[in-house]
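One structure is given here, and the rest of the page talks about it.
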Amino acid sequence: MAENAILRLAGPDLQQESIEVIEGVIFKIGRLESNDLPLKHQKVSRFHAELELTRDGLSVKDLGSSNGTIVGSDQLEPEVVRFLEVGESVVIGPFTLTVDKINSTSQAEPQELPPTRAVSIEEVEQAVKEEAEKVRKTEKLEEQDLKPPKEAAEAKVDKKPEPEVEEKPAAKVEIEPEKTAPPKKAKTTPESKKDVVAVIDVVEPPEIVHPDYRPPRDIEKYIPPEPPAVPPRVPLYTNGNGLPEPIQGIPLEKSSWLEYLPPIYGEDYFTGRFLLIFESIEAPLEWLLDGFDYYLNARFAPPEWLQWFGSWVDILVPATIPVERQRLIVMEMAQLFKTRGTLKSLRRHLELVFDTEPSIKEPEKNPYTFEVELKLGKEGDTEANQRLAKRIIEAHRPAYTDYTLKIK
């Protein structure tokens, strides 16, 4: 089965919704009919771009077109290959090609695993014994490293301290007053014989770090930093402090209007840049006119236009209800106008506005009268809903009838 890639198309006046790119075949895109995908638009060059599916993936290459080829927010350089991922879009003039699916041979083939063999119980036990022996040797080495090195831990003391000699009091001798014996001096211990304090240098064992040890993480250091501030966007028209943003679909180097002039003007750089000024002004207006039919479509029109559409045939399109229900009223506007004044038209208009089916009864005793009941709940019984329902009923009821409104 050949590998391929599927791309969805979007743009004006397309004859197909998707294209298929086959692996190994170059898919050409341009304005001429000879291309694989002809796109007839003045923003598309005769040979604009090409797609190619290889083992590396799906790639796109601009062929030096006047308006350029845009992938995402980047404009491709001429003759430069850019690989695409699923979901990326390629913009060529007013057309968009979105990659929907890629089937390529770039996926790695599963590798064949080597054949396995049966292991006996004896081999498993031998492996366990060898691993246990390694663990014992590691623990023994760690114990030896934890022992302090043999150094001179014992302090060298000069001499053993001798006990101090207590002073003996002088003996009392009765002598004659004429002969007085001099007092004996107390014996003191010389300073050399005082106690000597031994100083022992205690050497701390070296720190043993196991090879499998992992320090605890500091939580404060692992808190992810705050993202940087978003830089300010450069405005479209600047005063010289920055570059303007490119407008999607308008070339940057030279104007595409050179295609309508003789080829000699295309060689002049000034002429291409000069015409680019007017093209950047006229192109948005041209795109608006090309897509004006979308403004008149109830599914794509801006919400502000929906009330304006209802005023064409005097059908109320309230701006307070969700936009989805406003679009439904505009889509059924012609039928509501055609059946105005009937019970069917009134019931359908109330149902579209309040998203609930109303109950309308015509009592036999009171001719030319009818009762309208809306089940909106107690919270829905507001003055605003009362006024809105009465405006719709007044627009649909015949002039000779009367009514009563109840909201439950």
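What you see is a predicted model, and the numbers here were worked out from it, not measured in a lab.
A distance of 9.0 Å separates CD1 in Ile19 from CG in Asp36, rounded to the nearest 0.5 Å. With rounding to the nearest 0.5 angstrom, the CD atom of Glu23 is 10.5 Å from the CG atom of Leu58. The OG1 atom of Thr382 lies 6.5 Å from the CD1 atom of Ile407; values are rounded to the nearest 0.5 Å. Separating the CG atom in Leu336 from the NZ atom in Lys344 is a distance of 10.0 Å, to the nearest 0.5 Å. Here the straight-line distance linking atom CD of Gln126 with atom NZ of Lys129 works out to 6.5 Å at 0.5 Å rounding. A distance of 9.0 Å separates CG in Leu63 from CD1 in Ile29, rounded to the nearest 0.5 Å.
Between the side chain of His349 and the backbone N or O of Leu346 there is no donor-acceptor pair closer than 3.5 Å. No side-chain donor-acceptor contact under 3.5 Å links Ser18 to the backbone of Leu7. Ser65 places a side-chain N or O within 3.5 Å of a backbone atom of Gly68 that can act as its donor or acceptor partner. One N or O on the side chain of Asn35 and one on the backbone of Leu32 form a donor-acceptor pair closer than 3.5 Å. With hydrogens and angles disregarded, a donor-acceptor distance shorter than 3.5 Å links the side chain of Thr339 to the backbone of Gln335. Side chain of Gln326 to main chain of Val317: no donor-acceptor pair is present (N/O by atom type, distance under 3.5 Å, no hydrogens or angles).
Contact of the Val60 side chain with the Leu97 side chain is not registered, since no non-hydrogen atoms from C-beta on lie closer than 4.5 Å. You'll find the side chain of Leu276 stays beyond 4.5 Å of the side chain of Lys254, heavy atoms only. Counting heavy atoms from C-beta outward, Val99 and Glu85 have side chains that stay 4.5 Å or more apart. Side-chain contact between Thr69 and Gln75: absent, with no pair of heavy atoms (C-beta onward) separated by less than 4.5 Å. Residues Leu275 and Thr271 form a side-chain contact, since some pair of their non-hydrogen atoms from C-beta on lies under 4.5 Å apart. Inter-residue side-chain proximity for Leu84 and Val71 is flagged as met; some heavy-atom pair is nearer than 4.5 Å.
Closest of all the heavy-atom pairs between Val44 and Asn67 is N-ND2, 4.1 Å. Of all heavy-atom pairs between Pro398 and Gly341, the closest is CG-O, 4.0 Å. Shown here for Ser45 and His48, the closest heavy-atom pair between the two residues is N-ND1, 3.1 Å. Pairing each heavy atom of Ala298 with each of Leu306, the nearest pair is O-CD2, 4.2 Å. Scanning all heavy atoms of the two residues, the minimum distance from Leu258 to Gly272 falls at CD1-CA, 3.8 Å. Minimum interatomic distance between Ile329 and Pro318 (heavy atoms only, all atoms of both residues): CD1-CD, 4.3 Å.
Aromatic ring pairs are classed by plane angle as parallel below 30°, tilted from 30° to 60° and perpendicular above 60°; the pair Phe274 and Phe270 is parallel.
Within 6.0 Å of CD on Glu20 lie more than 12 heavy atoms contributed by other residues, nucleotides or ligands. Within 6.0 Å of CZ in Phe337 there are 12 or fewer heavy atoms belonging to other residues, nucleotides or ligands. When the shell of 6.0 Å around CD of Glu79 is examined, it contains more than 12 heavy atoms from other residues, nucleotides or ligands. Within 6.0 Å of atom CD in Glu253, 12 or fewer heavy atoms from other residues, nucleotides or ligands are found, so the atom counts as exposed in its surroundings. More than 12 heavy atoms of other shown residues, nucleotides or ligands fall within 6.0 angstrom of atom NZ in Lys43. More than 12 heavy atoms of other residues, nucleotides or ligands sit less than 6.0 Å from atom CG of Leu288.
Side-chain polar atoms of Glu279 and Ser256 form a donor-acceptor pair below 3.5 angstrom. Between the side chains of Asn103 and Glu3, not a single donor N or O lies within less than 3.5 Å of an accepting N or O. A donor-acceptor contact under 3.5 angstrom links the side chains of Glu259 and Ser66, judged on distance only. A donor-acceptor contact under 3.5 angstrom links the side chains of Thr98 and Ser89, judged on distance only.
Considering Arg397, Arg391, His396 as possible partners of Glu394, the one that fulfils the side chain to side chain donor-acceptor pair (under 3.5 Å) test is Arg397. With respect to Phe300, the ring pair (Phe, Tyr, Trp, His ring centres under 6.0 Å) criterion is satisfied by exactly one of Trp305, Tyr295, Tyr294: Tyr294. Considering Asp290, Asp13, Ile92 in turn, Asp290 is the only one that fulfils the side chain to side chain contact (heavy atoms under 4.5 Å, CB included) rule with His41. When each of Leu37, Leu39, Val90 is checked for a side chain to side chain contact (heavy atoms under 4.5 Å, CB included) with Phe95, only Leu39 meets the rule.
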For this session: Go through Asp381 and Gln386 one step at a time and tell me if the side chain to side chain contact (heavy atoms under 4.5 Å, CB included) criterion holds.
Result: CA-CA 7 Å; Asp381 189 6; Gln386 290 276 357; 3.1 Å; yes
For this session: Show your working on side chain to side chain contact (heavy atoms under 4.5 Å, CB included) between Phe354 and Leu388 and close with a plain yes or no.
Result: CA-CA 10 Å; Phe354 294 100; Leu388 182 59; 4.1 Å; yes
Problem set entry | Derivation of the salt bridge (Lys or Arg N to Asp or Glu O under 4.0 Å) call for Lys61 and Glu52 | CA-CA 9 Å; Lys61 180 172 66 174; Glu52 185 177 5; over 6 Å; no
Problem set entry | Working for salt bridge (Lys or Arg N to Asp or Glu O under 4.0 Å), residues Arg82 and Glu88 | CA-CA 11 Å; Arg82 164 71 182 274; Glu88 285 191 315; 3.4 Å; yes
Exercise. Going through the distances and angles, do Tyr260 and Trp257 end up as a ring pair (Phe, Tyr, Trp, His ring centres under 6.0 Å)?
Worked result: CA-CA 6 Å; Tyr260 307 102; Trp257 291 0; 8.1 Å; no
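Ion pairing between a basic and an acidic side chain is recognised when a charged N comes within 4.0 Å of a carboxylate O; Glu351 and Arg347 show no such pairing. Look at Arg136 and Glu133 and you find a salt bridge, because one of the NZ, NE, NH1 or NH2 atoms lies within 4.0 Å of a carboxylate O, short of that distance. Between Arg8 and Glu17 there is no salt bridge, since none of the side-chain N atoms of the basic residue sits less than 4.0 Å from a carboxylate O of the acidic one.
Partners of Glu267 under the side-chain hydrogen bond (donor to acceptor under 3.5 Å, both in side chains) rule, at least two apart in sequence or in another chain, do not exist in this structure.
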Cut-off 3.5 Å, no hydrogens considered: what does the side-chain donor-acceptor table look like for residues 356-380, sequence neighbours left out?
unit_1: Thr369; atom_1: OG1; unit_2: Asn366; atom_2: O; d: 2.6
unit_1: Glu373; atom_1: OE2; unit_2: Lys408; atom_2: NZ; d: 3.3

